[in-house]
There are 2 protein chains.
Amino acid sequence: MYSIGELSKRTGVKIPTIRYYEEMGLIDAPERSEGNQRRYTKDGLSRLSFIRHSRDLGFSIEDIKDLLSLSQHPEKPCHDAHNIAVQHLADVQKRISKLKRLERELKRLSKCGAGNIANCAVIETLADHGLCETEH
Amino acid sequence: MYSIGELSKRTGVKIPTIRYYEEMGLIDAPERSEGNQRRYTKDGLSRLSFIRHSRDLGFSIEDIKDLLSLSQHPEKPCHDAHNIAVQHLADVQKRISKLKRLERELKRLSKCGAGNIANCAVIETLADHGLCETEH
DNA sequence: CTTGAACCTATAACTACTAGAGAGTTTATA
DNA sequence: TATAAACTCTCTAGTAGTTATAGGTTCAAG
């Protein structure tokens, strides 16, 4: 049996976040001690690790709910889990290419040689989208 | 003079968002019509464009406040604007490399050949961080 | 003058947490 | 066994940057 603090240390998930996950229905409400404190089993620990790990990989709470309920049914086909991962991969790739465009723009922008605001490329570029090299 | 709806169409910023920016002090409260509706000038339009453009580039509301007040003082040196942009560039580059690690992991993860959940690499990997190739 | 679109304020929801107050519980040590 | 330190409890509110909703008012065209 782990207290919430121990669970937190073992998984790296902060205490209020664990309680938040409980409220959101990601983890079951655990048993309580006589004094009403949460007491977790090994199962609770591994479920929270799963969540932690999924969050690290950027899955949303909703996605994780789906993944968790899938993982509860080992006999089912895994298209669904697969689809969630592939969809998420697509999202990540979209974000990467958007950020790369942004990086190019900011690099250009930060090469400002002017001495004062009046001729500063940063301000000028922000004021006028037409000066941009790429669309965003 | 533009109504809020016209301003919204011209800048691509949604109406509630414009009102939110006003509340946050990013834009000045504009004059009102006799019936208490907002009426914007060309200045209001270009200020909002500046904001829109800065948000597109991922600057925070606070950064934009600084950039706006800098742009109001053309005689000042532009180190500050420059610093904000450079700092932001560093953030963006950090985000990119984090996402790329994630992309690698997800690509590996989504190549799941199993037929059912029991052997599905997606679920398995999420359940056990030890199976990951990279740190995250 | 009427109608319908656009506008007003105020409030709540969203995501995924984090922080704080004030009270109760558990555990380690004297 | 007493007490103090550390931990946990619930509840509320705050974060960023919007978006949505409700119930009412105003504007512009026909």
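Heavy atoms only: backbone and side chains are in, while hydrogens, waters and symmetry mates are out. Letters A, B, ... are given to chains in the order of the sequence lines, protein chains preceding strands, and every chain is numbered from 1. What you see is a predicted model, and the numbers here were worked out from it, not measured in a lab.
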Is the shortest side-chain N/O distance from [X] to OP1 or OP2 of [N] below 4.0 Å?
X     : N      : answer
B:S33 : C:dC7  : no
A:K14 : C:dT18 : yes
A:R32 : D:dT10 : yes

Using whole Å, what does the distance between atom [atom2] of nucleotide [N] and atom [atom1] of [X] come to?
X     : N      : atom1 : atom2 : value
A:Q37 : D:dT8  : CD    : C1'   : 4 Å
B:R38 : D:dT26 : CZ    : P     : 15 Å
A:M24 : C:dA13 : CE    : C1'   : 12 Å
A:N36 : D:dC7  : CG    : C1'   : 14 Å
B:I51 : D:dG17 : CD1   : C1'   : 13 Å
A:I64 : C:dA16 : CD1   : P     : 8 Å
B:E23 : D:dT19 : CD    : C1'   : 14 Å
B:E6  : C:dA5  : CD    : P     : 18 Å

Reckon [X] touches a base, only the sugar-phosphate, or nothing at all at heavy-atom distances under 4.0 Å?
X     : value
A:R55 : sugar-phosphate
B:R19 : base
A:F59 : nothing

Any donor-acceptor N/O pair, [X] side chain to [Y] backbone, under 3.5 Å:
X     : Y     : result
B:K65 : B:G25 : no
B:R47 : B:L26 : yes
B:S8  : B:I4  : no

Let's see if you can work this out: which of [options] has an atom nearest to the side-chain heavy atoms of [X]?
X     : options               : answer
B:T17 : C:dT26, D:dT19, C:dC8 : D:dT19
A:I61 : C:dC17, D:dT8, D:dG17 : C:dC17
A:S60 : C:dA16, C:dT25, C:dC7 : C:dA16
A:R39 : C:dC8, C:dT18, C:dT26 : C:dT26
A:I4  : C:dC8, D:dT8, C:dT18  : D:dT8

Margin query: Which is more 5' along DNA chain D, the nucleotide nearest B:E62 or the one nearest A:S3? Just name the residue.
Written below: A:S3
Item checked: Closest-nucleotide ordering on DNA chain D, the 5'-leading residue of B:Y21 and B:E34 -> B:Y21
Next item on the list: Would you mind checking if B:E23 and B:R19 are paired as a salt bridge, meaning a charged N to carboxylate O distance below 4.0 Å?
Entry: no
Checklist line | Closest approach of B:R52 to B:V13 (non-hydrogen atoms, all atoms of both residues) | finding: CD-CG2, 3.6 Å
Item checked: Contact summary for B:Y21 and B:L48, nearest pair of heavy atoms -> CD1-CD1, 3.8 Å
